[in-house]
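Working notes, structure below.
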Amino acid sequence: MSDITRTRRAHTASTDTVMTHRMIMFVIFGLMAGMFLSALDQTVVGTSIRTIGDDLQGLSLQAWVTTAYLIVSTISTPIYGKLSDIFGRRPLFLIAILIFIIGSVLASFSTSMIELAAFRAIQGLGAGGLMSMPLAIMGDILAPRERAKYQGYFLAVFGISSVIGPLVGGVFAGASEILFITGWRWVFLINVPIGIVALAIVWRFLHIPKQPRHSVRIDWWGATTVIVALVPLLLVAEQGREWGWGSPIALACYIVGALGILAFVIAETYMKDDALIPLKLFRSSTFSMATVIGVLVGFGMFGAMLTLPLYLQLVLGSTPTQSGFEMLPMILGLMIASIVSGQLIARTGRYRMFPILGTLLMSVGFFLLTFLKYDTPYWQVALSMLVIGLGLGQLMQTLTIASQNSVGLRDMGVATSGSTFFRQIGGTLGTAVLLSLLFTLMPSNIIGSFSDRTTLTDALDAAFDPTVSSAPANAQIMNAIYTPIVTKTSDAVTQQVQQGVQQATDAATQAVAQQVAAGQIPAAAQAQATQAAVSQAIAAATTKIQEQVPVARVAADGTVSLDFSDAGQRAAFVDTVATTIEDQFSAGDENTSIGDSTLDDTSFLVGADARLTKPFLVGFNSSAVTVYWVAMSVVLLAFVLSLFFRTPPLRSKSALQEAADERRGRDDEEKRAEESAAQAGALIAP
């Protein structure tokens with residue numbers, strides 16, 4: 001036997017060790033630590049983003065913060081997958097955790113939403129590995145059918161983070177200061193101790209059999225061109241409402257993005273098997289269809305889901321903590337569907353029904369959300385979220401398993417990261433497009449809500465009520481919206497009434513002067529007569545004015561003021577000016593305009609009079625419903641495609657075991673060949 005053969009067999013023996021349940025559990029323990037870090041961050045930030053946006057004066061820039069995180073995590077996902085195929089999963093997973101910790105520390109020092117977006121991008125660079133590496137490692141060590149048996153552990157992590165995250169985020173967001181640091185900054189600082197613990201656990205427990213390297217070429221051109229392709233398109237999706245969808249800068253983004261896509265395809269074709277995302281993967285109809293469905297599901301899921309916490313906090317008035325707990329029906333539905341579908345997949349090895357049923361349930365859930373009103377009870381929202389969760393639970397694992405089942409060990413990393421990559425592209429586009437749509441529609445929908453006469457008169461009646469307008473809880477919303485309207489209207493009416501009084505007194509004065517000139521009144525009595533005539537004129541004018549403007553008050557000297565303390569008189573006055581104010585809203589008068597600056601800090605809605613906040617709640621609800629219609633349409637398209645989804649039975653062996661069996665088979669053939677050669681040599685020996 002040659003030395004080369006002995007060396008190869010020794011290496012085979014060292015890498016062919018079948019992982020026991022205990023070894024697998026240690027690996028999963030390490031993966032759970034990293035996934036907990038990522039899952040907790042998403043739930044904590046999601047429930048506190050409104051507080052952060054209000055404090056940094058930029059809630060309308062929320063999409064930048066979310067999009068920056070998703071753009072970088074999306075782009076880095078396939079890079080992690082490719083590098084892990086070359087250098088191993090463990091070191092890349094450790095690097096991802098370390099980068100995530102650094103990004104979290106930097107995010108805690110943010111002084112503006114733009115800074116926060118930049119630091120969240122650094123977090124996203126680490127999150128790309130936290131998202132893709134666990135799935136790739138699971139694909140290595142577990143057969144597709146067996147994977148469902150272990151997914152309960154990951155669902156437990158997801159469930160725990162979903163319960164703890166809103167509570168932690170709510171506590172931090174609701175605290176003005178913790179240990180001399182602004183409360184919401186702990187949303188990011190909490191990742192540091194958790195990340196250090198995760199780093200230690202992964203270092204200690206995450207050990208998987210090493211595999212021989214097949215390639216050391218890194219697809220730098222692919223990484224570069226994917227950035228050139230995605231960033232301009234995502235930027236225009238986010239900023240199109242401000243730039244204008246047909247503006248020169250938007251057109252430039254379209255062109256650069258299209259050229260980037262073309263360059264990416266060329267680069268991946270040239271790199272062949274060493275490509276960031278090998279194009280050969282798309283020869284599999286299973287992988288291709290799973291990818292397309294994943295993009296559509298990600299678009300609807302990520303984009304629309306980001307509006308639900310805002311809906312719960314803005315429209316239903318929930319605190320950040322409450323909104324987090326109110327999202328639990330979705331988590332419950334997701335966990336139930338994941339466990340049930342996982343068990344069925346493990347028993348039967350078939351999964352075609354789950355993408356169909358999952359997309360159908362998601363579509364139904366979004367359809368139910370389109371019936372939301374500003375005063376919809378929470379149970380209707382909870383029912384919709386439960387249905388969406390039941391749909392998501394059948395899709396999250398299924399699409400990844402389908403992609404992994406279509407490739408071998410060599411491409412497990414790129415297939416897993418590719419599947420995650422395209423799903424995140426859908427999520428990133430959904431976040432940018434749907435949040436942009438939401439904030440584009442909100443100002444016009446809020447103004448449109450004033451076209452309802454009852455809503456307008458109720459809001460104006462509250463705004464003109466001295467008791468309501470002077471209440472501390474209403475100070476912010478009055479200053480932001482209603483005070484300019486009240487001031488302009490009051491000044492206009494006061495000026496008009498004052499002119500009427502002035503005309504009456506001028507007429508009286510002139511009449512007395514004419515009587516003096518005619519000799520009817522002695523010149524010495526002119527002053528006294530004028531005073532008496534003016535008083536009579538003011539009294540007569542006051543009676544007539546109060547019939548027309550009940551809230552008007554005319555002093556003895558003719559000075560006009562408005563008194564809104566009487567509810568009946570105030571209601572009559574509001575009814576007379578409502579049409580004028582409604583026209584001002586329609587015409588876009590600067591005193592009645594509502595733009596992004598008004599929506600940058602929505603804390604004025606907290607505790608304010610319901611009549612004052614109703615137009616905002618109605619406007620946001622209308623905008624959110626439009627978002628849900630779009631999300632439903634996209635997911636419905638995924639449902640139609642899932643009807644044509646071909647799903648071959650899942651393999652019963654893990655990728656590592658298949659590779660080990662293949663090597664063992666080659667070694668057995670070599671051994672038999674050597675034995676045959678030795679036997680043939682013995683037969684011809686002298």
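Computed from a predicted structure; not experimentally measured. Counting begins at 1 with the first residue of the sequence.
Checked by atom type, the side-chain pair Gln502/Asp506 shows a donor-acceptor distance below 3.5 Å.
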Q: Please lay out, stage by stage, how Leu617 and Asn621 fare under the test side-chain contact (heavy atoms from CB on, under 4.5 Å).
A: CA-CA 6 Å; Leu617 306 187; Asn621 181 85; over 6 Å; no
**Q.** Steps toward side-chain hydrogen bond (donor to acceptor under 3.5 Å, both in side chains) verdict (Ser318, Gln313)
**A.** CA-CA 4 Å; Ser318 303; Gln313 293 179 40; over 6 Å; no
Q: Run the numbers on Tyr628 and Leu368 for side-chain contact (heavy atoms from CB on, under 4.5 Å), then give the verdict.
A: CA-CA 9 Å; Tyr628 299 140; Leu368 294 176; over 6 Å; no
Q: Decide yes or no on side-chain contact (heavy atoms from CB on, under 4.5 Å) for Met330 and Leu386, but give the supporting numbers first.
A: CA-CA 5 Å; Met330 183 181 299; Leu386 176 64; over 6 Å; no
Q. After noting the C-alpha distance and the side-chain angles of Glu115 and Thr111, does the key distance pass the side-chain hydrogen bond (donor to acceptor under 3.5 Å, both in side chains) rule?
A. CA-CA 7 Å; Glu115 280 189 12; Thr111 58; 3.0 Å; yes
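Checking side-chain atoms of Thr376 against main-chain N and O of Lys373 turns up a donor-acceptor pair under 3.5 Å. Under the 3.5 Å distance criterion, the side-chain polar atoms of Tyr69 are left unmatched by any main-chain donor or acceptor of Ala117. The main-chain N or O of Leu441 is found under 3.5 Å from a side-chain atom of Ser444 such that the two form a donor-acceptor pair. Between the side chain of Ser110 and the backbone N or O of Ala107, at least one donor-acceptor pair lies under 3.5 Å. Of the possible polar contacts, one joining the Thr509 side chain to the Thr505 backbone as a donor-acceptor pair under 3.5 Å is found.
Counting heavy atoms from C-beta outward, Asn445 and Phe620 have side chains that stay 4.5 Å or more apart. Looking only at side-chain heavy atoms (C-beta outward), Leu369 and Val625 stay at 4.5 Å or farther from each other. You'll find the side chain of Phe188 reaches within 4.5 Å of the side chain of Gln123, heavy atoms only. Between Arg553 and Leu562, every side-chain heavy-atom pair lies at or beyond the 4.5 Å cut-off. When side chains are defined from C-beta on, Leu308 counts as touching Met327, because their heavy atoms get closer than 4.5 Å. Between Thr489 and Phe573, the closest side-chain pair of non-hydrogen atoms falls below 4.5 Å. Here the side chains of Met113 and Val65 are in contact, with some heavy-atom distance below 4.5 Å. Residues Val549 and Val551 are in side-chain contact: their nearest non-hydrogen atoms beyond the backbone lie under 4.5 Å apart.
Salt bridge status for Asp458 with Lys614: absent, with no side-chain N to carboxylate O gap under 4.0 Å.
A distance of 7.0 Å separates CD1 in Ile446 from OG in Ser623, rounded to the nearest 0.5 Å. The structure places CG of Leu434 at 9.0 Å from CG of Leu438, a figure rounded to the nearest 0.5 Å. Taking CZ of Phe639 as the reference point, atom CG of Leu360 lies at 5.0 Å (rounded to 0.5 Å). The distance from the CG atom of Asp609 to the CG atom of Asp461 is 9.5 Å, given to the nearest 0.5 Å. Here the CG-OG distance, from Leu296 to Ser633, works out to 11.5 Å after rounding to the nearest 0.5 Å. For the atom pair Asp575 CG and Leu456 CG, the distance stands at 10.0 Å (nearest 0.5 Å).
Classification of the Phe367-Trp629 ring pair by plane angle, with boundaries at 30° and 60°, yields perpendicular. Using the six-membered ring where Trp is involved, Phe464 and Phe564 have ring planes that are tilted, between 30° and 60° apart.
Between Val468 and Arg611, the closest heavy-atom pair is CG2-NH2, 3.5 Å. Residues Met362 and Ile388 come closest through the heavy atom pair CG-O, 4.0 Å. Counting all heavy atoms, side chain and backbone alike, Pro484 lies closest to Asn479 at CD-O, 4.1 Å. Residues Ser449 and Pro615 share a closest heavy-atom pair of OG-O, 3.0 Å. Across every non-hydrogen atom of Ala508 and Ala537, the tightest pair is CB-CB, 3.9 Å. Closest heavy-atom contact between Ile485 and Leu460: CG2-CD2, 4.3 Å.
Applying the 6.0 Å contact sphere to OH of Tyr378 captures more than 12 heavy atoms from other residues, nucleotides or ligands. Gln496 CD: 12 or fewer foreign heavy atoms inside a 6.0 Å radius.
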